[in-house]
Colleague: 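Got a structure for you, written out below as structure tokens; questions coming shortly.
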Amino acid sequence: MGLTVTNTLTRTKEAFVPRDEGKVSMYVCGPTVYGDIHIGNARAAIVFDVIRRYLAWRGFEVTFVQNYTDVDDKIINRASDEGTDWQELARHYSQAYEQVASALRLDPPDRLVKATDHIPEMIDMISRLVEGGFAYESAGSVWFSVENFPGYGKLSGRTLDEVHSRERVEPDPHKRFALDFALWKAAKQGEPSWDSPWGPGRPGWHIECSAMSAKYLGMGFDIHGGGSDLVFPHHENEIAQAEAALGTEPFVRYWLHNGMVKMDAQKMSKSIGNLVLVKDLLKDVRPEVLRMMAISGAYRSDVDFGEASLEQARRAVERFDNFSRAAGEAAAQVSKDGRRYLERLTAAMDDDFNTPLAISVMFDLVKHGNTLMDSDNDPEGARNVAGLVAAFNQMAGVLGISYDPAADEAAAADNLSAEQAELLERRDEARKTKNWAESDNLRDKLADLGIIVEDTPAGTRWHRKS
RNA sequence: GGCGGCGUGGCCGAGUGGCUAGGCACCGGUCUGCAAAACCGUUUACUCCAGUUCAAUUCUGGACGCCGCCUCCA
């Protein structure tokens with residue numbers, strides 16, 4: 001047994017053997033900070049957050065690096081359109097991203113690196129490429145020559161001939177070959193630029209990931225993640241740059257790619273105009289629900305995002321919440337039964353991070369725990385449940401879909417309005433005097449205000465609607 | 001045109017050459033003042049056509065359909 005992962009490079013599921021025993025180095029392409037992130041971006045971030053958490057939980061020492069692309073055509077164009085400073089714009093959306101990341105409970109990367117802080121490293125890598133005959137200068141720009149790198153196409157399964165048939169872009173006159181891509185772009189009037197051996201300019205998009213990941217993780221690091229839409233050309237180009245510049249391979253041991261988020265069976269993308277921004281969605285959807293949606297299918301599959309799937313994720317999270325609420329405190333130690341569920345979760349996640357199966361294990365645990373709680377004539381019951389809760393909390397922590405009682409209470413203290421509190425009190429009164437009509441009426445009113453009340457033998461409880 | 005992925009019960013979604021996925025919804029029951037939550041029970045499957053096999057949803061070939069990449073994109 002052991003961990004297996006689907007490697008895009010080989011298109012097969014392989015045994016995962018890290019470069020350094022017991023350690024995992026991973027790099028995930030972060031956002032270009034020119035706008036608010038949408039739930040497609042969020043899904044990728046969540047998927048790799050879960051993978052990283054699982055690896056750490058499983059005992060690996062994980063080093064996780066993520067980048068910001070903070071200089072880029074899109075940033076410059078947008079800043080120019082809005083008449084703002086491009087650095088100001090990048091800073092603004094970097095902060096916006098961090099807020100969303102925190103709201104989504106993404107564990108912060110060990111290193112969050114910015115392209116603009118690594119211009120010298122990029123220039124160095126480009127120089128090596130020029131010296132090695134893998135790149136050429138033309139009118140102040142530098143291009144990577146894909147024909148001179150024999151391994152080009154190994155990730156995406158393309159060959160150089162294929163491209164000739166179907167050009168979709170006007171070829172740049174400075175390029176020698178259609179697939180050649182920019183490593184360094186000559187400065188244009190009014191645009192940001194840095195000095196270089198080829199004159200003032202700025203780096204191309206692909207070079208930053210090669211330069212920064214190689215710097216912080218070294219060649220042959222373990223996992224490079226990103227969306228499936230980055231396989232070509234971005235990741236293909238990263239491989240070409242790094243392996244050509246440093247003369248060794250592999251650049252990356254395992255390439256992992258997540259599936260797309262779709263809206264009405266179409267990819268969510270800016271051009272189609274069907275974007276849902278995370279910051280908007282979080283106004284009325286809890287972060288756990290979004291995380292649940294992101295991992296309720298296998299990470300490599302596309303997920304369709306819509307009202308129906310949102311509702312299902314909401315219900316699933318509620319079921320976990322209900323269990324957590326009812327089961328109470330975890331035992332200090334995972335019980336024997338609890339360990340069985342942890343083993344099943346491990347087996348599921350070891351199989352290429354099979355999160356849907358892992359979630360089903362959690363549901364099985366919940367059913368088990370609920371059954372124990374229902375059969376209250378069992379004196380061992382409470383202790384057994386606590387031992388299960390200990391296991392449940394670990395699983396929920398790995399997937400990041402845990403119910404957080406502290407957050408719930410904090411929300412309660414902060415947000416329970418005077419009106420809501422009063423209604424709750426009046427309902428208690430009504431129930432004491434068996435005034436059921438009044439009590440039910442108040443329950444409806446509270447529900448309208450987002451407060452769900454439940455009457456239990458131990459008294460009335462309430463919680464917020466998810 | 002090239003490369004890649006997918007088609008599972010009302011919906012979402014795992015998985016396997018023969019042995020219950022799981023969730024949501026529905027129905028019946030227990031509990032409850034009524035609900036809610038919870039528990040028990042129950043129904044509905046593997047796009048189509050060939051082939052391999054004692055046995056295929058699972059392997060092979062084909063058909064049809066859907067999706068992604070080939071331009072910035074998670």
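Order of the sequence lines sets the chain letters (A, B, ...), proteins ahead of strands, with each chain counted from 1.
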Colleague: Starting at atom CE of A:Met260, determine the distance to atom C1' of B:C66, rounded to an integer number of angstrom.
Modeller: 17 Å

Colleague: Under the rule for side-chain hydrogen bond (donor to acceptor under 3.5 Å, both in side chains), what residues qualify as partners of A:Asp364, not counting sequence neighbours?
Modeller: A:Arg344

Colleague: Which value, in whole Å, describes the distance between the P atoms of nucleotides B:C54 and B:C64?
Modeller: 32 Å

Colleague: For B:A14 versus B:G22, give the span between their C1' atoms, rounded off to a whole number of Å.
Modeller: 8 Å

Colleague: Which heavy atom of A:Cys29 sits nearest to which heavy atom of A:Leu230, and what is that distance?
Modeller: CB-CD1, 3.9 Å

Colleague: Starting at the 5' end of nucleotides 16-30 of chain B, put B wherever the base has a protein heavy atom under 4.0 Å, S where only the sugar-phosphate does, and a dash everywhere else.
Modeller: -----BSBBS-----

Colleague: Might you point out which heavy atoms bring A:Val47 and A:Ala294 nearest each other, and give the distance in Å?
Modeller: CG2-O, 4.3 Å

Colleague: When the C1' atoms of B:A45 and B:U53 are compared, how many Å lie between them, rounded to an integer?
Modeller: 23 Å

Colleague: Look only at the side chain of A:Asp180 and the backbone of A:Val146, and say whether a donor-acceptor pair between them is shorter than 3.5 Å.
Modeller: yes

Colleague: Under 4.0 Å between any heavy atoms, over every strand shown, what does A:Ser309 touch: base, sugar-phosphate, or nothing? Just pick one.
Modeller: nothing

Colleague: Take A:Arg11 and A:Gly30, find for each the nucleotide of RNA chain B with the closest heavy atom, and name the residue whose nucleotide sits nearer the 5' end.
Modeller: A:Arg11

Colleague: Could you tell me how far B:A37 sits from B:U47 if I compare only their P atoms? Round to whole Å.
Modeller: 34 Å

Colleague: Would you call A:Asp374 and A:Lys367 a salt bridge, using N to O less than 4.0 angstrom?
Modeller: no

Colleague: With the threshold set at 4.0 Å, does a side-chain nitrogen-carboxylate oxygen contact exist between A:Glu311 and A:Arg314?
Modeller: yes

Colleague: Any ion pair linking A:Asp222 and A:Arg253 (charged N to carboxylate O, less than 4.0 Å)?
Modeller: yes

Colleague: Any salt bridge between A:Arg286 and A:Asp321, counting N to O under 4.0 Å?
Modeller: yes

Colleague: What residues from residues 93-102 of chain A pass a heavy-atom cutoff of under 4.0 Å to RNA chain B?
Modeller: none

Colleague: Reckon A:Gly225 touches a base, only the sugar-phosphate, or nothing at all at heavy-atom distances under 4.0 Å?
Modeller: nothing

Colleague: Quick one, which residues of residues 427-439 of chain A touch RNA chain B with a heavy atom under 4.0 Å?
Modeller: A:Arg427, A:Arg431, A:Trp436, A:Ser439

Colleague: Check this for me, if you would: do A:Asp229 and A:Lys267 make a salt bridge, where the nitrogen-to-carboxylate-oxygen distance has to be below 4.0 angstrom?
Modeller: yes

Colleague: Identify whether the distance between the nearest side-chain nitrogen and carboxylate oxygen of A:Arg53 and A:Asp49 falls below 4.0 Å.
Modeller: yes

Colleague: For the pair A:Glu236 and A:Arg158, find out whether any cationic side-chain nitrogen is under 4.0 Å from an anionic carboxylate oxygen.
Modeller: no

Colleague: Check side-chain hydrogen bond (donor to acceptor under 3.5 Å, both in side chains) between A:Thr8 and all other residues, then give those that pass, not counting sequence neighbours.
Modeller: A:His257

Colleague: P atom, B:A21 versus B:G62: distance in rounded Å?
Modeller: 31 Å

Colleague: Side chain of A:Met268, heavy atoms from C-beta onward: which of B:A14, B:C67, B:A74 has the nearest atom to it?
Modeller: B:A74

Colleague: Heavy atoms from C-beta onward define the side chain here; which of B:C39, B:G68, B:C70 lies closest to that of A:Ser228?
Modeller: B:G68

Colleague: In whole angstrom, give me the gap between the C1' atoms of B:U8 and B:C46.
Modeller: 4 Å

Colleague: Which of these nucleotides, B:A74, B:C70, B:C34, is closest to any side-chain atom of A:Val261?
Modeller: B:A74

Colleague: Give the dot-bracket string for RNA chain B, reading 5' to 3', where a pair is Watson-Crick or G-U wobble with both distances under 3.5 Å, ( ) marks pairs inside the strand, [ ] marks pairs crossing earlier ones, | marks a partner on another strand, and . marks unpaired.
Modeller: (((((((..(((.....[...)))..((((.......)))).....(((((..]....))))))))))))....

Colleague: Which is true for A:Arg443 with a 4.0 Å heavy-atom rule: it touches a base, it touches only sugar-phosphate, or it touches nothing?
Modeller: base

Colleague: Nearest to the side chain of A:Ile452, which nucleotide is it out of B:A74, B:C40, B:A36?
Modeller: B:A36

Colleague: Taking A:Asp351 first and then A:Lys13, would you say they form a salt bridge - that is, a charged N and a carboxylate O separated by under 4.0 Å?
Modeller: yes

Colleague: On a whole-Å scale, what distance lies between the C1' atoms belonging to B:G17 and B:U52?
Modeller: 12 Å

Colleague: Please name the residue in the list A:Phe323, A:Phe363, A:Tyr341 that meets the ring-ring contact (aromatic ring centres under 6.0 Å, His included) test with A:Phe392.
Modeller: A:Phe323

Colleague: Regarding A:Val28, tell me which of base, sugar-phosphate or nothing describes its non-hydrogen contacts under 4.0 Å with the strands shown.
Modeller: nothing

Colleague: Using the side-chain heavy atoms of A:Asp440, tell me which of these nucleotides is nearest: B:A74, B:G33, B:C67.
Modeller: B:G33

Colleague: Could you say whether A:Asn370 or A:Ala42 is positioned toward the 5' end of RNA chain B, judged by the nucleotide with the nearest heavy atom to each?
Modeller: A:Asn370

Colleague: Can a salt bridge be assigned to the pair A:Asp455 and A:Arg461 using a cut-off of 4.0 Å between side-chain N and carboxylate O?
Modeller: no

Colleague: Can you measure A:Arg300 atom CZ to B:C67 atom P for me and round it to whole angstrom units?
Modeller: 21 Å

Colleague: Starting at CG of A:Asp229 and ending at P of B:G68, how long is that distance when rounded to a whole Å?
Modeller: 11 Å

Colleague: For B:U42 and B:U20, measure between their C1' atoms and round to the nearest Å.
Modeller: 14 Å

